[in-house]
Amino acid sequence: MDPHLTYPPDNDLRRLLRFEPHSGAIWLGERRMVLLHTAALTALRHDLITSVGKDHARRLLTRMGYACGLHDAGFAAKTRGKKTLEDMFLVGPQLHMLEGAARVTPVRLEMDAAAGRFEGVFRWDDSWEAHAHRLQYGVVDEPACWTLLGYASGYTSAFMGRLILFKEIRCSACGDDHCLIEGRPIDDWPDGDAHRQYFEDDSLLEKMAALSQQVEALKNTLEPAESGGMLVGASAGFQRAHDLMRRAAATQVTVLLTGETGVGKERFARALHEHSERAAGPFVAVNCAALPAELIEAELLGVEKGAFTGAHAARAGRFERAEGGTLFLDEVGDLPLPAQAKLLRVLQEGEIERLGSESARKVNVRLVAATNVNLEAAVERGQFRRDLFYRLNVYPICIPPLRERSSDIEPLARHLLARFTALHQKRLGGFSDRALQALARHSWPGNVRELENLVERGVILAAQGGVIEAEHLFPNQSEPVQDGIDPQGRLARRAPEDELRLCEQVLDAGVPIETLEAQVLALAVERSRGNLAGAARMLGLSRAQLAYRLKRAQSPEPE
Ligand SMILES: [Zn+2]
């Protein structure tokens, strides 16, 4: 091994690997991983070879490894962006070991990132794949570490930004006692073109990706434009509500939309309006909770000149402004009782009387009301008129909360992502696995509106060209209980990320632990303005424990 090619400590990489005992998820950074039996992989390999032939099986497995390497290259700059180019590159071989592929020893490594020059030789001991191949086929003539080789090529290509081809010079599947691989830019290999087929863009995977993009684009065009993508949902509960809405649109029936805050009641009301014969007419929205009780009647019904002090001119109310269209009354449960009586009259007579007017005017308005409180319960409490409730409740549509339509969260989030990346002029590669899991786990008290806010924040916080990570969406969320791998390779409960970072800073700063303790104690006392009981609480100590430590810090025992 090249003497200056020693591995840096891998605690930065081990820290990426986390086991969440309660969710059944394993993470490498933001990517979800899985532990597989090599026996099962061996069986899959064998099935591939017998069903599609050796060449095609090799191609598929190489590409699988290539994809793994490609993804792992993302960790190089993230974990060792401030280290030397070699240390950064060695993230790949070290991760490959951590993932259990083989023992990797760098033999030679020469790189020039700017010139795109790369030459590397690595030794693999105990390759799982060579072992699997030998078990099944005995000693063979050709190297067999296809997945591993794909990984080396994928990782290095992503790292160098050009296609770097690795070949096995020696393989223990051929009877050697270890494997040896060599990598260079594909054009530097005399037979590079023959290997190009393993990495070509027109592969099955690429085709599938292109196809799914087309499907996505088609789905977008199928969506009603007026919903702005918000009426997205395939869950049964959402579809039921959507279907009821579409059927009501064709009629003149008064609709009552119920559901928690943020489920999108106004968007439903707008969609109802736009699917109705009244679409050419106005859509007027009033939030009853946002208007002071003494103004609400004037706002809804309008006023005649001189109706009350300050009414200098006649003014049309929202009912009149919605003539020929739809009036949306949000939070109708907050309407004061006198206003409820007037609203009931409008619904019964189909006419309104402006405040201060003696005569009634006919209005042609479809009413859509919405509430996030239980109106029946409000009726029981005497806060809502029973007769008005029956008038409004002719055609109720309940929009389910987001937590009850969890299958819609991801499609909705992707939709919002497209909208906000366009708005904020960002190019992003979607959500990380961990971000998607965090979205799925959240309880969504604020429903679709909350999702909208989170995704917009994520788009703003994510790095240009990157992906939205869990902490972009939930910056202050504490991590679930996680295990990591300790230096002995055992699972061990790990400290939260920010504590680890703090400890590293302490170590980097080279502050002796006793000095550090003395300073932390002094700072706590200072912050509590000399109140020792307060300082002790801050430190999670009893007052006596703090007094003891303070005394010790002031007169350290002789060594
Ligand atoms: Zn091999």
Side-chain angles (χ1 to χ4, degrees), residues 1-2 5 7 35-50 52-73 89-109 118-159 163-186 188-192 194-199:
M1 174 164 163
D2 189 323
L5 272 181
Y7 284 129
L35 274 177
L36 275 178
H37 298 256
T38 50
L41 270 180
T42 304
L44 173 73
R45 229 173 152 273
H46 180 64
D47 280 352
L48 272 177
I49 292 169
T50 41
V52 300
K54 202 185 88 188
D55 275 352
H56 201 54
R58 175 177 167 189
R59 187 176 148 133
L60 290 171
L61 290 168
T62 306
R63 290 198 58 85
M64 182 177 90
Y66 190 87
C68 297
L70 209 65
H71 290 314
D72 277 1
F89 181 82
L90 290 176
V91 162
Q94 285 181 284
L95 272 181
H96 212 189
M97 280 200 280
L98 194 65
E99 290 164 14
R103 183 164 81 250
V104 190
T105 312
V107 178
R108 192 155 55 83
L109 178 60
F118 181 91
E119 263 190 74
V121 177
F122 295 83
R123 173 183 165 144
W124 287 335
D125 286 273
D126 293 329
S127 148
W128 78 264
E129 202 170 14
H131 183 75
H133 203 81
R134 265 183 80 158
L135 267 184
Q136 208 117 40
Y137 304 102
V139 171
V140 292
D141 295 336
E142 285 177 53
C145 300
W146 305 329
T147 320
L148 271 69
L149 208 58
Y151 181 96
S153 300
Y155 177 83
T156 313
S157 299
F159 189 89
L163 190 49
I164 308 286
L165 174 71
F166 270 87
K167 292 212 279 187
E168 268 195 290
I169 312 298
R170 245 182 266 163
C171 181
S172 56
C174 307
D176 290 295
D177 75 61
H178 60 265
C179 310
L180 196 72
I181 62 163
E182 185 176 347
R184 312 179 199 155
I186 191 156
D188 293 0
W189 288 103
D191 58 345
H195 287 84
R196 208 178 276 277
Q197 52 153 330
Y198 297 114
F199 311 102

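Numbering of ligands and ligand atoms starts at 1, following listing order.
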Charged N to carboxylate O below 4.0 Å: is that the case for Asp47 and Arg45? no
State, yes or no, whether a side-chain contact exists between Met64 and Trp146 at a heavy-atom distance under 4.5 Å. no
Just to verify, what does Arg184 make a salt bridge (charged side-chain N to carboxylate O under 4.0 Å, His left out) with, not counting sequence neighbours? Glu182
With ring-ring contact (aromatic ring centres under 6.0 Å, His included) as the criterion, how do Phe89 and Tyr155 come out once you've worked through the C-alpha distance, each side chain's angles and the decisive distance to 0.1 Å? CA-CA 9 Å; Phe89 181 82; Tyr155 177 83; 5.4 Å; yes
Partners of Asp191 by side-chain contact (heavy atoms from CB on, under 4.5 Å), sequence neighbours excluded? Lys167, Trp189, His195
Shell check on the Zn ion (ligand 1): protein N, O or S atoms less than 2.8 Å away are Cys145 SG, Glu168 OE2, Cys171 SG, Cys179 SG
Go through the structure and list residues passing side-chain contact (heavy atoms from CB on, under 4.5 Å) with Glu142, not counting sequence neighbours. Lys54, Arg58
